Amino acid sequence: MTTGKNDYIFRHRHILGIEQLSVEDIFHILSTARSFKEISERPIKKVPTLRGKTIINFFFESSTRTRLSFEIAAKRMSADTFNIAASMSSTTKGETLIDTARNLEAMKPDIIIIRHASSGAPLLLSRHINASIINAGDGAHEHPSQGLLDMMTVIEHKGKIEGLTIAIIGDIAHSRVARSDIIGFTKLGARVRVAGPATFMPSGIEQLGAQVCGSIAEAVDGADVVMALRIQHERLKDPLIPSLREYSAFFGINRALLERAKADVLIMHPGPINRGVELNPDVADGPRSVIMDQVTNGVAVRMALLYLVLGGERNSDG
Ligand code: CP
């Protein structure tokens with residue numbers, strides 16, 4: 001599959017971050033995802049495209065959406081999938097990540113999908129083993145498939161990303177979704193604003209292309225998209241806010257705040273939502289929310305990634 005330019009070929013064997021993807025790569029992944037999306041609407045939700053391929057989901061952190069949608073994506077394309085949770089693996093007996101990965105490699109998987117608390121774990125694996133590596137979230141670094149499904153969802157509703165104003169609110173410092181979204185939306189020509197408590201604002205975030213706002217009102221003013229992020233408690237050594245009640249009062253997204261945004265603003269959240277903390281339930285479930293569309297598009301984007309890292313049409317028999 002090409003983007004219309006005959007000379008374009010998707011050349012990535014690994015998906016480690018949005019940072020490594022060109023604008024052309026991103027559009028190619030999204031157009032491939034759009035073409036796969038209808039498979040999930042069929043009565044028989046299965047195509048033979050990845051028949052005979054072996055895919056391992058190796059998750060060192062908990063996940064609902066990412067792990068399940070990678071597994072559904074693989075099964076809808078007829079790949080054989082296997083799940084291994086770190087808590088049930090021999091890493092609990094002292095085996096290193098590299099040794100574990102080498103042992104997985106010896107069983108000849110085609111793709112290993114990894115989520116890990118350490119930034120750079122997927123990159124490390126990609127340097128030591130031959131299978132394709134897909135980053136399903138590494139520490140506070142990147143969550144590329146989430147960034148891609150967020151871009152797909154915005155394009156689906158707005159028809160474009162270029163020229164839009166996207167406000168990302170909350171725990172920017174510890175969020176891999178924030179980094180992937182800032183990098184991706186900026187690459188595609190959006191203005192990305194970030195806002196949150198000072199303790200959740202990493203120094204140097206402007207270098208990724210984001211504009212740091214002094215208040216959430218400033219960030220949301222005239223925005224086309226408002227994305228709420230949960231506090232990443234699992235990455236905090238010490239509490240960085242006085243209380244959740246105070247956080248919600250100053251940084252929670254509610255209907256009154258959204259009066260400042262464009263009338264057709266999209267409300268997004270990568271999940272899991274902490275209702276009443278970063279997002280009020282009437283906004284999460286309201287008419288401008290596209291949160292469930294993000295989840296639906298996650299399957300299509302992950303089908304596209306599995307297909308493309310294995311060579312796409314060049315290697316497809318279906
Ligand atoms: N958005 C996301 O990564 O959700 P999970 O942690 O449930 O996979």
Side-chain angles (χ1 to χ4, degrees), residues 15-19 29-30 33 40 55-76 81-88 111-119 121-122 133-154 156 166 168-185 196 200 225-236 253 266-275 277-279 284-285 289-306:
I15 302 293
L16 304 176
I18 301 286
E19 197 169 8
I29 294 166
L30 299 185
S40 296
I55 298 175
I56 297 176
N57 267 321
F58 196 15
F59 276 56
F60 286 78
E61 288 187 324
S62 49
S63 168
T64 298
R65 282 146 289 267
T66 312
R67 198 199 62 74
L68 192 57
S69 62
F70 265 120
E71 186 174 1
I72 289 173
K75 287 196 155 86
R76 291 208 171 138
T81 63
F82 302 89
N83 294 306
I84 172 166
S87 59
M88 300 293 285
I111 302 176
I112 297 176
I113 298 160
I114 179 167
R115 169 169 286 190
H116 201 282
S118 297
S119 299
I133 302 297
I134 298 182
N135 179 4
D138 61 330
H141 174 230
E142 278 230 40
H143 191 346
S145 60
Q146 180 71 44
L148 289 161
L149 72 89
D150 289 342
M151 289 183 254
M152 180 172 176
T153 305
V154 171
E156 215 169 62
I166 297 177
I168 304 178
I169 312 290
D171 181 1
I172 309 296
H174 305 97
S175 170
R176 50 201 176 205
V177 176
R179 283 180 57 85
S180 287
D181 276 347
I182 292 168
I183 295 168
F185 282 121
F200 286 164
V225 176
V226 174
M227 171 146 349
L229 299 176
R230 82 182 167 88
I231 301 169
Q232 305 274 305
H233 293 287
E234 65 273 32
R235 287 181 228 299
L236 305 185
I253 294 170
L266 303 181
I267 305 302
M268 302 178 73
H269 193 303
I273 298 172
N274 287 173
R275 287 173 177 266
V277 180
E278 70 271 12
L279 198 56
D285 303 326
S289 172
V290 294
I291 295 169
M292 289 306 119
D293 295 352
Q294 291 174 263
V295 179
T296 300
N297 286 336
V299 175
V301 157
R302 288 166 179 132
M303 289 170 81
L305 292 177
L306 299 176

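Quick caveat: nothing in here was measured; it's all calculated off a predicted structure. Only heavy atoms go into these numbers, but all of them, side chains included; no hydrogens, no water, no symmetry mates. Every number for a ligand or one of its atoms is a count from 1 in the order of the listing.
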- Query: Would you call E61 a ligand 1 contact, heavy-atom distance under 4.0 Å?
  - Reply: no
- Task: For the residue pair N297 and T153, confirm or rule out a side-chain donor-acceptor distance under 3.5 Å.
- Result: yes
- By number and element, which atoms of ligand 1 are closer than 4.0 Å to a non-hydrogen atom of T64? 5 (P), 7 (O), 8 (O)
- Item | Element-labelled atoms of ligand 1 that are located less than 4.0 Å from some non-hydrogen atom of T66 | 2 (C), 3 (O), 4 (O), 5 (P), 8 (O)
- Any salt bridge between E142 and R115, counting N to O under 4.0 Å? no
- One finds that the ligand 1 atoms under 4.0 Å from a non-hydrogen atom of G271 are 1 (N), 2 (C), 4 (O)
- Query: Cut-off 3.5 Å, side chains only: do E278 and H269 have a donor facing an acceptor?
  - Reply: yes
- N or O pair under 3.5 Å between P270 and ligand 1: yes
- Is the closest basic N to carboxylate O distance between D285 and R275 below 4.0 Å? yes
- So is there a nitrogen or oxygen of R67 less than 3.5 Å from a nitrogen or oxygen in ligand 1? no
- Query: Is there a donor-acceptor pair closer than 3.5 Å between any side-chain N or O of S63 and the backbone N or O of F59?
  - Reply: no
- From the list I166, I267, D181, I168, side-chain contact (heavy atoms from CB on, under 4.5 Å) partner of V225 resolves to I166
- Would you indicate which of R230, R115, R65 comes nearest to atom 6 (O) of ligand 1 when only heavy atoms are counted? R115
